[in-house]
Amino acid sequence: MREWLRWPVLRQLTGSDPLGRGRAARSAETDREYARTEDAEAVVGSVCPYCAVGCAQRVYVRDGAVTQIEGDPDSPVSRGRLCPKGSASRSLVTSPDRQTRVAYRRPYGTEWEELDLDTAVDMIADRVIRTRDETWQETDSDGTRLRRTMGIASLGGATLDNEENYLMKKLYTALGAIQIENQARI
Ligand code: SF4
C-alpha cells in the first residue's frame with residue numbers, strides 16, 4: 001500500500017470510521033501492542049505488601065519473571081482494585097535499584113559497605129544481647145518485680161504479614177521488651 005494511503009485523516013474521511021475513534025485511529029504499531037497479561041505462563045495469587053489494607057493481587061509470570069501485577073477481582077477486600085502504590089509494586093521485584101545485599105554504614109562512617117548476611121545477623125544478635133544486659137530492670141525502686149528492658153523497642157512496618165508480626169511479638173516479649181508497635185496500627 002502506498003504510504004500516503006495510510007494517512008489517518010484519509011482513512012478517517014474515506015473509511016467506515018468518520019469520527020476517528022476506532023480503526024482509523026489505529027496504526028500497525030497499535031496492532032502490535034498487547035497486554036502484558038496475555039502471554040503470561042502462570043498467574044499467582046498474592047497480597048500487596050505496602051500497607052495494612054491487604055489488597056489482593058494477581059501476579060503474572062513469564063520465563064520465571066514477574067511481568068505484571070494487577071488487582072484480584074475475587075478479593076472481598078479490594079474487589080480488583082489497587083492504589084498507585086500497589087499498581088506499581090512490580091518494580092519492587094524487578095527494579096534495577098532493588099537492594100539485594102546488606103548495606104552497612106559504620107558509626108561515623110561516610111560510605112556504605114556490603115556485608116554478608118551471616119556477619120550482619122551476628123552483629124545484630126551481639127547488639128541485642130548487649131543492650132538487653134545493659135538495660136535489664138529486674139525490679140523498680142519499690143522492689144516490685146519488672147523483669148523487662150526499656151532499651152529495646154520495635155516498630156514494624158506494614159509490609160510485615162500476620163505470621164511475621166506474630167513471631168516478632170513472641171521474640172520481643174521473650175526478650176523482655178515491652179515497646180512493640182506496628183506502623184499499620186498508628
Ligand atoms: S494497593 Fe494500596 S491500599 Fe491496597 S494494600 Fe497496597 S498500598 Fe495498601
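Sequence positions, counted from 1, serve as the residue numbers for this chain.
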### Query
Between D118 (side chain) and D122 (backbone), is there a donor-acceptor pair under 3.5 Å?
no
### Message
Could you measure the distance from the CD atom of Q68 to the OG1 atom of T37? Nearest 0.5 Å is fine.
### Response
7.0 Å
### Task
With R132 as the cation and W136 as the aromatic partner, state whether NZ or CZ is under 6.0 Å from the six-membered ring centre and within 45° of the axis.
yes
### Task
For G20 and A25, work out which heavy atoms get closest and say how close.
O-CB, 3.5 Å
### Query
Roughly how far, to the nearest 0.5 Å, is CH2 of W112 from CZ of R106?
12.5 Å
### Query
So how far is it from I180 CD1 to Y172 OH, rounded to the nearest 0.5 Å?
8.5 Å
### Message
To the nearest 0.5 Å, what is the distance between CD on E33 and CZ on R36?
### Response
10.0 Å
### Task
Give the minimum heavy-atom separation between N182 and L155, together with the two atoms involved.
C-CD1, 3.9 Å
#### Entry: CZ (R101) with more than 12 external heavy atoms under 6.0 Å
no
### Query
Can we say E70 and R58 salt-bridge, meaning some charged N sits less than 4.0 Å from an Asp/Glu carboxylate O?
no
### Task
Sequence neighbours left out, what passes side-chain hydrogen bond (donor to acceptor under 3.5 Å, both in side chains) with Q12? Give chain and number order.
none
### Query
Taking all non-hydrogen atoms of both residues, which atom of V102 and which atom of L117 are closest, and how far apart?
CG2-CD1, 3.9 Å
### Message
Minimum heavy-atom separation for G151 and T131, please, with both atom names.
### Response
O-CG2, 3.4 Å
#### Entry: Listed once per pair and sorted, the side-chain hydrogen bond (donor to acceptor under 3.5 Å, both in side chains) pairs that draw on residues 81-95, sequence neighbours left out
Q57-S89
### Query
Going by heavy atoms in the side chains, are M168 and L160 under 4.5 Å from each other?
yes
### Query
Is there a side-chain contact between L146 and E138, using heavy atoms and a 4.5 Å cut-off?
no
### Query
Is the shortest heavy-atom distance from the side chain of V128 to the side chain of L175 under 4.5 Å?
yes
### Message
Quick one, V61 and V44 - any side-chain contact, counting heavy atoms below 4.5 Å?
### Response
yes
### Query
Stepwise, does the side chain to side chain donor-acceptor pair (under 3.5 Å) test hold for T144 with T139?
CA-CA 5 Å; T144 304; T139 60; over 6 Å; no
### Message
Salt bridge check, R105 against E113: does any charged N sit closer than 4.0 Å to a carboxylate O?
### Response
no
### Query
Does a side-chain heavy-atom distance below 4.5 Å link R98 with L92?
no
### Residues D31, R26; criterion side chain to side chain contact (heavy atoms under 4.5 Å, CB included); working and verdict
CA-CA 7 Å; D31 290 335; R26 294 184 68 86; 2.8 Å; yes
### Message
Return the SG to OH distance between C83 and Y50, rounded to the nearest 0.5 Å.
### Response
9.5 Å
### Query
Of N165, L171, L167, T173, which is the lone residue that meets side-chain contact (heavy atoms from CB on, under 4.5 Å) with K169?
T173
### Query
Any side-chain heavy atom of D72 within less than 4.5 Å of one from S78?
no
### Query
At what distance, to the nearest 0.5 angstrom, does CZ of R147 lie from CD1 of I178?
14.0 Å
### Minimum-distance pair of heavy atoms, taken over all atoms of E41 and D63
OE1-N, 3.0 Å
### Summary
On a heavy-atom basis, the closest approach of I152 and Q179 is O-NE2, 3.5 Å
### Message
Run the side chain to side chain contact (heavy atoms under 4.5 Å, CB included) test on M123 and L115 for me, step by step, so that the C-alpha distance in whole Å, both residues' side-chain angles and the decisive distance to 0.1 Å come before the verdict.
### Response
CA-CA 10 Å; M123 288 168 67; L115 296 180; 3.6 Å; yes
### Task
Please say whether more than 12 non-hydrogen atoms of neighbouring residues, nucleotides or ligands are located less than 6.0 Å from OH in Y166.
no
### Query
Are D39 and R62 ion-paired here, with the side-chain N under 4.0 Å from a carboxylate O?
yes
#### Entry: Neighbour count above 12 (heavy atom, 6.0 Å) for W7 CH2
no
